[in-house]
Amino acid sequence: MLQTWDELEDACLDCRRCGLCENRHHVVFGTGNPEAKVLFVGEGPGEHEDLEGEPFVGRAGKLLDKMLAAVDLDRHTNVYIANIVKCRPPKNRDPLPEEQEACISWLRNQFALMRPKILVCLGRIAAMKLIKAEFKITKEHGIFFEKPGVLMMATLHPAALLRNPAQKPAAFEDFLKLREKIDELHCDIAKGN
Ligand code: URA
């Protein structure tokens, strides 16, 4: 495990642990405030993210930014956003189990340095990797799962909401629950817990 954020980012940007490194334009390490108490984790970079080196900058990212703003969150100040895999899978296919396994220690090292209070999985792939293998996104989104030192929740992936806008209100509910949980935890932090 690397001990500083800069060391970690430098090492990650040189990563060649799986085949996704062959065709990448950028490693998408993550964006936001590494001291934030809330960490969002998506699946993997798409075309725009690969070209720009930043997560969630395409259409799905614009929707994510709107949902964050609705609950007073913002990618530049009070959250951090990363992905399960840091290089773009070809044609936006799901990252393969071996690609996820090769990449996950970067995210785990980010998590260990950040020590977020809440981790929000964006979509099924992140939820199945981080919460439980049998996670059912349609049934279990919006539920907080207690893990050692952190609460984990999954919401619907913003790209899924673009394909199926009827699901937007359900996802918005998840963001409201997140806001409530953050407010609760702020009280705990103020009480010294
Ligand atoms: N979808 C993801 O899961 N991550 C991104 O960074 C962009 C789109």
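Remember, it's 1-based here, ligands and their atoms both numbered in the order they're listed. Here, residue 1 is the first one in the sequence, and each next residue gets the next number. This structure is a prediction, so every number in the text was calculated from the model and none was measured. Reckoned from all heavy atoms, side chains included, excluding hydrogens, waters and symmetry mates.
Residues passing the salt bridge (charged side-chain N to carboxylate O under 4.0 Å, His left out) test with D50, sequence neighbours excluded: none. Taking the salt bridge (charged side-chain N to carboxylate O under 4.0 Å, His left out) definition, one finds that R75 meets it with E54, D65, sequence neighbours left out. Remark: E173 pairs with no residue by the salt bridge (charged side-chain N to carboxylate O under 4.0 Å, His left out) rule, at least two apart or across chains.
Taking a cutoff of 4.0 Å between a charged side-chain nitrogen and a carboxylate oxygen, K181 and E184 qualify as a salt bridge.
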Run through all N or O atoms in ligand 1 and write down each protein N or O closer than 3.5 Å, as a pair with its distance.
unit_1, atom_1, unit_2, atom_2, d
ligand 1, 1 (N), H157, NE2, 3.3
ligand 1, 3 (O), E43, N, 2.7
ligand 1, 3 (O), G44, N, 3.4
ligand 1, 3 (O), H157, NE2, 2.8
ligand 1, 4 (N), G44, O, 3.0
ligand 1, 4 (N), N83, OD1, 2.8
ligand 1, 6 (O), F56, N, 3.0
ligand 1, 6 (O), N83, ND2, 2.9

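Side-chain contact between I81 and L68 is present, with heavy atoms from C-beta onward closer than 4.5 Å.
Evaluated for a salt bridge (charged side-chain N to carboxylate O under 4.0 Å, His left out) with E22, the options R17, R16, R88 yield exactly one hit, R16.
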